[in-house]
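Predicted, not measured: the structure shown is a model, and the values here were computed from it. Throughout, protein chains are lettered first and strands after them, A, B, ... in sequence-line order, and every chain is numbered starting at 1. Just the heavy atoms: all of them, side chains too, but no hydrogens, waters or symmetry mates, feed the values below.
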There are 2 protein chains.
Amino acid sequence: MARAATQKNRSELICGALRSAILERALLPGMKLPEDSLGERFGSSRTIIRQALERLAAEGLVELRHNKGAAVATPSLEEARDLFELRTHTEDLVIARLASGLSAQQKARLEEHIAQEEAASDGPEPLSIRLATEFHILMAELTGSPVLLRYVKELSYRCGLTLSQFSRPHSSNCGIQEHRDILAAMEEGDVEKARGIARAHLDSVSSRAQFDTGGKNGFSYLDALEPYASGVRGAD
Amino acid sequence: MARAATQKNRSELICGALRSAILERALLPGMKLPEDSLGERFGSSRTIIRQALERLAAEGLVELRHNKGAAVATPSLEEARDLFELRTHTEDLVIARLASGLSAQQKARLEEHIAQEEAASDGPEPLSIRLATEFHILMAELTGSPVLLRYVKELSYRCGLTLSQFSRPHSSNCGIQEHRDILAAMEEGDVEKARGIARAHLDSVSSRAQFDTGGKNGFSYLDALEPYASGVRGAD
DNA sequence: CCCGCAACACATGCATACAATTCGCCGCGA
DNA sequence: TCGCGGCGAATTGTATGCATGTGTTGCGGG
């Protein structure tokens, strides 16, 4: 069914493309996102660009200032802390459900994902960043609860944006082993242990942040966007 | 500043009107929401109705079926359980922050709200239902964290919709004393106690549900919407 | 009487055109 | 030279019109 969802409307497609671009740090916090430039780049009219932006704004990934244009959100340090705290508590629920009964199939999917992360650890950085986030989303998905999935997704995305703003250029790929540890603990059925490891994992991720604000805006966001746009534009 | 926000665009206005209508059970789960009927009723074009519906869909209050019309969401029993569970854990954070240092001003605002609830307990039911929900939102607001506010808001709304679907016509207003108890415990600074009471409160709210699906659709949703539409339409 | 098919009506998907607002800039006057 | 007021460019806000896809209904054949 997830494959069928690929067939849906343009605005969702573009929304996803922009989201990926933000998560993979091709679009950095604070970058402006004018509607018609984006429309031209994606080969669509402003109508659906607007829809996509509005949705991303609802998710907290972009800021929509009245009559002054959209921009990638720039979360404050306080927001970052709150985001990670809430995410930790939300993922507690995910871990608890998974740890109290992990099926063989679920285990297999998690192992497969970890293998992908490992394979990507040598490759391009955007990919490994995205995979690290998607591990958490996969866990939420495996609970079978749309509610948990939705909120873990959104919080993970926002945390990803936060890291994009506050952490150093490179700070990922150390998390793979931690993901493995979480899976192992869940496999044992030890809810408390799994939860402890997951909390420690998120804490270590967030503590890797808050270093410097990084030098952004070295080049046009339009160029940064090209690889994301081509996939959508080609769908004409 | 909240007053300035009143001046923003139509779609937000309409979005808020629809949300209130859903929360106050003027629009019941499953009711269809065709774009052009709504547009006519609110005196706006389909464009902004669409925006409002799309946003409500993102919040989980509306279901948007492809080419088959929008409708008020009909959460399943499982979703209801997940929603309340996640909401409980999220409000834990709110309670913890408030209980660890409640200012006099914060206390005053909460007391004022409880007084409003009390005053409304004899009045029209929609109002007291809304006030009960808004007490929780006010607590989140008083933490000063936009993140907590946003998610408590959304989860509270969705829980309200859930209650609209599963609970009996009347089951509110017994919660006022519980709200008072929460405030008292927070005032003492006893985080654990406050958390316990808040959890019990939410549990009792959710357990009051699951009675019957109620008889819905007795009349046109257009009539049900009139009081909400007039406020927006008059803004021309 | 039932089944299949085709045309219609309804509802959304999308693009274009127009209106309103904001911000920056330039000229004018003190 | 500095402050101020108005004008213009740019960008968003809103409406309308056409295209597309889906469900339904009515007709004809078996």
Side-chain angles (χ1 to χ4, degrees), chain A residues 1 4-18 27 30-58 61-73 220-222 225 229 231-236, chain B residues 1 3-18 27 30-58 61-73 220-222 225 229 232-236:
Chain A
M1 63 178 88
T6 309
Q7 198 60 13
K8 56 185 153 192
N9 54 20
R10 297 282 293 242
S11 72
E12 295 254 356
L13 243 56
I14 291 174
C15 183
L18 288 172
L27 293 176
M31 275 185 173
K32 289 199 65 178
L33 302 168
E35 290 178 0
D36 38 5
S37 307
L38 290 174
E40 196 177 340
R41 174 65 56 161
F42 280 103
S44 285
S45 90
R46 277 178 44 229
T47 306
I48 60 180
I49 300 292
R50 169 185 269 315
Q51 284 180 19
L53 288 177
E54 211 132 338
R55 171 149 187 184
L56 290 171
L61 292 182
V62 316
E63 282 162 6
L64 225 50
R65 273 144 352 191
H66 198 65
N67 272 348
K68 279 187 293 184
V72 179
S220 161
Y221 70 97
L222 288 175
L225 214 47
V232 177
R233 202 176 340 98
D236 282 18
Chain B
M1 65 177 92
R3 191 56 50 88
T6 308
Q7 199 60 7
K8 56 184 155 192
N9 52 22
R10 297 288 290 255
S11 73
E12 295 252 357
L13 243 56
I14 291 174
C15 185
L18 288 172
L27 294 176
M31 274 185 174
K32 291 198 67 177
L33 302 168
E35 288 179 1
D36 36 6
S37 306
L38 290 174
E40 196 175 341
R41 174 65 57 160
F42 280 103
S44 285
S45 90
R46 277 178 37 231
T47 307
I48 59 180
I49 299 293
R50 172 193 254 342
Q51 285 180 18
L53 288 176
E54 213 134 335
R55 170 147 187 186
L56 290 171
L61 293 182
V62 164
E63 281 164 6
L64 226 50
R65 274 143 356 192
H66 193 67
N67 274 351
K68 277 187 295 184
V72 179
S220 162
Y221 70 97
L222 288 174
L225 215 46
V232 176
R233 201 177 338 102
D236 279 18

Take nucleotides 16-23 of chain D nucleotide by nucleotide from the 5' end and write B, S or -, depending on whether a protein heavy atom sits under 4.0 Å from the base, only from the sugar-phosphate, or from neither. BB---SSS

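dT12(C) atom C1' lies 13 Å from atom CG of Leu38(B), rounded to whole Å. Regarding Leu53(B), its CG atom lies at a distance of 12 Å from the C1' atom of dA11(C), rounded to whole Å. The interatomic distance linking Leu13(A) (CG) with dG13(C) (C1') rounds to 13 Å, in whole Å. The CD-P distance, from Glu63(A) to dT11(D), rounds to 19 Å in whole Å. Atom pair Ile14(A):CD1 and dG13(C):C1' shows a separation of 12 Å (rounding to whole Å applied). In this structure, CZ of Arg65(B) is placed 13 Å from P of dG13(C), rounded to the nearest angstrom. The nearest whole Å value for the distance from the CZ atom in Arg50(B) to the P atom in dG13(D) is 17 Å. Atom CD of Glu35(B) is separated from atom C1' of dC14(C) by 12 Å (rounded to the nearest Å).
Side chains of Leu27(B) and Leu33(B) form a contact here, defined as non-hydrogen atoms less than 4.5 Å apart.
Under the side chain to side chain contact (heavy atoms under 4.5 Å, CB included) criterion, Glu54(A) pairs with Arg50(A), Leu64(A), Ser11(B), Gln51(B), not counting sequence neighbours.
Across Arg10(A) and Ile48(A), no two heavy atoms sit closer than the pair CB-CD1, 3.4 Å. Closest approach of Ala71(A) to Gly30(A), counting heavy atoms only: CB-O, 4.1 Å. In plain terms, the two heavy atoms of Val62(B) and Ala70(B) that are nearest each other are CG1-CB, 4.1 Å. Nearest heavy-atom pair, Ile49(B) versus Glu35(B), reported as atom, atom and distance to 0.1 Å: CG2-O, 3.8 Å.
Using a 4.0 Å cut-off, no side-chain N or O of Arg10(B) falls inside it from OP1 or OP2 of dG13(D).
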